[in-house]
Amino acid sequence: MSRDQLEEIVNTEYPDILIREKKEEKHELPELPNVHGNVVMRMAPSPSGPLHIGHSRMAILNDEYVRRYGGRLILRIEDTNPENIDPDAYKMIPEDLQWLGVNVTETVIQSSRMEFYYSEARRMISEGYMYVIEENQKEFHDLKLKKIPVMERDSEPSVNLEKFDRMLSGHYNDGEAALVMKTDINHPNPSVRDWIAFRINTHEHPLTGSRYTVYPTMNFSVSVDDHYLGLTHVIRGIDHLVNTEKQKYVFMYNNWKLPEYFHYGFISIPDTILKTTIIKEGIKSGKYSGWDDIRLGTLVALKKRGYRPDTFRKYWISSGMNKSNATFSWEIFNSMDREIIDYDTERYFFVPEPTPIHIKNPLVLKSHAMLHPQRPDSGFREYELPPDAMIYFPEEELSKIKEGEIIRLKDLCAAIMKGGKLQYTKDEPEGRVKIIQWAPENSGDMEVFHPDGNIDKGKIEPLAMDKHQVVQLERYGYVNLYGTRAYFLHK
RNA sequence: GCUCCGAUGGUGUAGUCAGGCCAAGCAUUCCGGCCUUUCGAGCCGAUGACUCGGGUUCGAAUCCCGGUCGGAGCACCA
């Protein structure tokens with residue numbers, strides 16, 4: 001007997017036992033290993049601009065685990081490269097995180113910990129784990145590729161300490177000396193071999209000015225910070241895989257306990273402008289109105305369009321910590337957002353490409369539209385139209401109506417196409433007909449800005465004018481209203 | 001080139017560590033239908049996937065080997 005036959009019998013004879021448990025879907029992140037009590041986690045953006053969608057993943061993932069297990073979430077601003085820092089970012093990043101609902105328990109700014117990095121460096125130099133190279137960086141690099149150590153690799157700690165102090169005293173210019181972390185000169189990955197831990201950069205720093213000229217590279221500052229801040233788990237992008245490898249040497253030399261590391265895969269976000277350099281240029285040239293230009297993928301731009309912070313959380317939790325590369329799905333993201341906002345968004349009429357038409361109604365007409373179809377108690381939008389009223393109708397729809405066809409003006413009346421003109425009819429249409437939105441004569445002008453740069457000009461019904469909220473423009477899509485303009489959210 | 005990482009429907013994921021409950025779950029999109037004074041929401045239905053080849057095993061999406069494809073890194077950026 002086949003499975004089909006069996007099912008057939010069960011279906012007809014014993015339907016009761018068929019009540020199968022529906023597997024409940026888990027939109028949950030996996031448990032973290034080695035959790036003993038609270039966790040300490042961090043996010044470490046560089047202050048080159050405000051946060052964008054990509055950053056939100058790191059923020060949400062870390063925040064979500066700290067919420068689950070309890071503990072601390074450290075925002076560590078990694079500003080050890082004085083070039084490419086946007087001073088505004090120090091303010092924008094915390095604001096973005098707050099909007100996302102990420103609960104930062106403390107903030108650490110690396111440029112304010114320079115003395116600490118120096119003292120850690122001195123200690124590790126004196127223990128023989130670091131050495132200074134001078135004037136021969138090119139050679140240093142070439143020799144590394146050939147797995148050959150430079151001469152300085154074996155110099156005495158006291159000599160290295162002396163040279164390091166000379167670095168700090170301003171004796172060298174940019175690129176003339178560097179402090180190197182000894183690792184394994186035979187490591188299969190050349191970049192892991194003896195990496196640069198401190199370099200000289202005389203660029204002015206937005207926060208510390210010209211006080212410091214010797215800056216740690218991220219692999220050094222991250223290592224010592226991760227340890228001294230007590231990190232238990234580190235979640236970050238797969239692009240840091242090799243960095244983790246490098247940082248492990250610092251932990252090993254100092255006998256520090258390694259945090260648990262997780263690296264999630266690259267996510268490419270289609271049709272979205274994220275690169276800070278491109279955005280900055282665009283703002284400068286006037287192409288973009290600012291960081292919150294809705295054509296951008298920054299969080300402030302997405303906020304302006306009306307996305308809810310919870311949508312980000314939901315999306316990133318459902319994506320999990322997959323190591324494989326993936327494509328960000330606006331489709332799914334928008335669907336999640338729709339689910340969250342739909343119940344709260346009022347309905348209004350917007351007529352793009354409006355064409356005025358006389359509907360030739362013999363009597364006064366009253367429209368009666370619900371503010372929200374699922375919430376009858378939310379009220380109605382009502383307009384009174386005098387006889388032979390003029391209304392606005394979408395141009396595009398008008399051209400698609402055939403001669404003699406009856407349509408319905410939503411929540412108003414039926415209308416028939418006669419002699420190329422649409423006009424009132426009291427005949428009730430049979431079956432399914434087109435139901436189309438319209439706008440009364442005293443409607444306002446509105447421009448809807450789309451993220452692809454397009455602008456739809458049209459008429460917005462009077463009751464929606466001057467509103468500042470996310471609404472659904474029926475048959476058009478969800479938008480965020482800003483008075484006489486609106487930003488398109490999604491369908 | 002070298003080093004590392006990965007591969008489940010159109011898309012995003014669950015399952016892989018501890019092989020059998022997977023005849024592969026969920027979400028989303030598309031398609032069809034129902035409902036409806038929105039093309040939104042809701043309801044019903046349908047299509048659609050374990051990268052390939054070997055091996056181990058009674059049994060492999062899951063373990064092993066190899067190939068292919070994709071990605072990242074190879075900085076005095078983070």
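The sequence lines fix the lettering, A, B, ..., with proteins before strands; numbering per chain opens at 1.
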Worksheet, complete the sentence: Separation of B:A78 atom P from A:Met218 atom CE, nearest Å, is 7 Å
Discussion item. Could you tell me how far apart A:Gln247 (CD) and B:A78 (C1') are, to the nearest whole angstrom?
Written reply: 11 Å
Discussion item. Under 4.0 Å, heavy atoms only, any strand: does A:Phe198 hit a base, just the sugar-phosphate, or nothing?
Written reply: nothing
Worksheet item: Given atom CD of A:Glu382 and atom P of B:U37, what is their separation to the nearest angstrom?
Response: 18 Å
Discussion item. Nearest to the A:Asp342 side chain among B:G40, B:U38, B:U11, which nucleotide is it?
Written reply: B:G40
Item to complete: Considering only atom P, compute the distance from B:A60 to B:U13 and round it to an integer number of Å.
Response: 28 Å
Discussion item. Less than 4.5 Å apart, side chain to side chain, heavy atoms only: is that true for A:Arg122 and A:Asp165?
Written reply: yes
Worksheet item: Whole-Å distance between B:A27 C1' and A:Phe333 CZ?
Response: 15 Å
Discussion item. Quiz question: going by heavy-atom distance under 3.5 Å, is there a donor-acceptor pair between the base of B:U3 and the side chain of A:Glu245?
Written reply: no
Fill in: Among B:U38, B:A78, B:G6, the one nearest A:Lys323 by side-chain distance
B:G6
Worksheet item: A:Asp337 CG to B:A41 P: how many Å, rounded?
Response: 12 Å
Item to complete: May I ask you to check whether A:Asn334 and A:Tyr307 show a side-chain donor-acceptor distance below 3.5 Å?
Response: yes
Fill in: Interatomic distance at C1', B:A61 relative to B:G20, whole Å
13 Å
Item to complete: Write down the distance separating the P atoms in B:C77 and B:A14, rounded off to the nearest Å.
Response: 36 Å
Worksheet, complete the sentence: Result for 5'-nearest mapping on RNA chain B, choosing between A:Ser324 and A:Ile332, is A:Ser324
Practice prompt. Tell me which nucleotide among B:A41, B:U37, B:U11 gets nearest to the side chain of A:Asp411.
Written response: B:U37
Worksheet item: Heavy atoms under 4.0 Å, any strand shown: does A:Pro373 hit a base, just sugar-phosphate, or nothing?
Response: base
Discussion item. If I pick the C1' atom on B:U62 and the same atom on B:A75, what distance separates them, to the nearest angstrom?
Written reply: 40 Å
Item to complete: Could you tell me whether the phosphate oxygens of B:U38, OP1 or OP2, come under 4.0 Å of any side-chain nitrogen or oxygen in A:Arg338?
Response: no
Worksheet entry | Atom C1', compared across B:U68 and B:G54: separation rounded to whole Å | 14 Å
Worksheet item: Relative to the 5' end of RNA chain B, which residue comes earlier, A:Arg57 or A:Lys400, by the nucleotide with the nearest heavy atom?
Response: A:Arg57
Discussion item. By the definition side chain to side chain donor-acceptor pair (under 3.5 Å), identify the one residue from A:Asp225, A:Asp226, A:Asn62 that meets it with A:Arg42.
Written reply: A:Asp226
Fill in: Minimum-distance nucleotide to A:Glu331 side chain [options: B:U29, B:A41, B:G12]
B:U29
Worksheet item: In terms of the angle between their ring planes, are A:His372 and A:Tyr343 parallel, tilted or perpendicular, with boundaries placed at 30° and 60°?
Response: tilted
Worksheet item: Touch check for A:Asn219, heavy atoms < 4.0 angstrom, all strands: base, sugar-phosphate only, or nothing?
Response: nothing
Worksheet item: Taking the P atom of each, how far is B:A41 from B:C30, in whole Å?
Response: 10 Å
Worksheet item: So, A:Arg76 and A:Thr107: side-chain donor and acceptor under 3.5 Å apart, yes or no?
Response: no
Worksheet, complete the sentence: Correct closest heavy-atom pair for A:Gly49 and A:Trp291 would be CA-CH2, 4.1 Å
Item to complete: Check every strand shown and say whether A:Glu397 touches a base, only sugar-phosphate, or nothing at a heavy-atom separation below 4.0 Å.
Response: base
Discussion item. B:G40, OP1 or OP2 - any side-chain N/O from A:Thr345 closer than 4.0 Å?
Written reply: no
Item to complete: Can you measure from NE2 (A:His490) to OG1 (A:Thr311) and round to the nearest 0.5 angstrom?
Response: 7.0 Å
Worksheet entry | Any-strand Watson-Crick or G-U partner of B:U3, both distances under 3.5 Å | B:A72
Discussion item. Only pairs with both distances under 3.5 Å count, Watson-Crick or wobble alike; so what is the partner of B:G25 in this structure?
Written reply: B:U13
Worksheet item: Reckon A:Leu179 touches a base, only the sugar-phosphate, or nothing at all at heavy-atom distances under 4.0 Å?
Response: nothing
Response to the item:
Closest non-hydrogen contact found for A:Glu461 with A:Phe349 is OE2-N, 2.7 Å
Item to complete: Test side-chain contact (heavy atoms from CB on, under 4.5 Å) on A:Arg338 and A:Tyr478 and set out the steps.
Response: CA-CA 8 Å; A:Arg338 205 180 292 129; A:Tyr478 296 84; 3.6 Å; yes
Practice prompt. Evaluate the criterion side-chain contact (heavy atoms from CB on, under 4.5 Å) for residue pair A:Ser56 and A:Leu299; output intermediate values, then yes/no.
Written response: CA-CA 8 Å; A:Ser56 71; A:Leu299 294 183; 4.2 Å; yes
Discussion item. Could you tell me how far apart A:Trp330 (CH2) and B:C30 (C1') are, to the nearest whole angstrom?
Written reply: 21 Å
Item to complete: Verify the contact: side-chain N or O of A:His141 to OP1 or OP2 of B:A75, cut-off strictly under 4.0 Å; return yes or no.
Response: yes
Discussion item. Would you measure the distance from the C1' atom in B:C74 across to the matching atom in B:A24 and give it in whole Å?
Written reply: 40 Å
Worksheet item: Counting any heavy atom closer than 4.0 Å, what does A:Gly175 reach on the DNA or RNA strands: base, sugar-phosphate only, or nothing?
Response: base
Worksheet item: Can you tell me how far C1' in B:C50 sits from the matching atom in B:G19, rounded to whole Å?
Response: 15 Å
Worksheet, complete the sentence: Within residues 81-93 of chain A, those residues having any heavy atom closer than 4.0 Å to RNA chain B are A:Asn81
Fill in: Any A:Arg432 side-chain nitrogen or oxygen under 4.0 Å from OP1 or OP2 of B:U36
no
Worksheet entry | Between B:C26 (P) and A:Lys314 (NZ): distance, integer Å | 16 Å
Worksheet entry | Closest to side chain of A:Ser329, choosing from B:U11, B:A78, B:C5 | B:U11
Practice prompt. Evaluate ring-ring contact (aromatic ring centres under 6.0 Å, His included) for A:Phe333 paired with A:Phe328, printing each intermediate quantity in order.
Written response: CA-CA 8 Å; A:Phe333 189 72; A:Phe328 183 87; 5.2 Å; yes
Discussion item. Can you see if the side chain of A:Asn201 gets near the phosphate of B:C77 - specifically, an N or O under 4.0 Å from OP1 or OP2?
Written reply: no
Response to the item:
A:Phe220 CZ to B:A78 C1', in whole Å, measures 17 Å
Worksheet item: Does A:Arg199 put a side-chain nitrogen or oxygen below 4.0 Å from OP1 or OP2 of B:A78?
Response: yes
Worksheet item: Atom OG1 in A:Thr80, atom CZ in A:Phe198: separation rounded to 0.5 Å?
Response: 9.5 Å
Worksheet item: Can you find a donor-acceptor N/O pair under 3.5 angstrom joining the side chain of A:Gln374 to the base of B:G40?
Response: yes
Item to complete: Hey, could you give me the CG/OH distance between A:Asp411 and A:Tyr383, rounded to the nearest 0.5 Å?
Response: 11.0 Å
Worksheet item: In the 5'-to-3' direction, what one-character label does each nucleotide of nucleotides 60-73 of chain B receive under the scheme B = base within less than 4.0 Å of a protein heavy atom, S = sugar-phosphate only, - = no such atom?
Response: -----------SSS
Discussion item. Could you tell me the Watson-Crick or G-U partner of B:G32, where both distances fall under 3.5 Å? Say none if there is no partner.
Written reply: B:C44
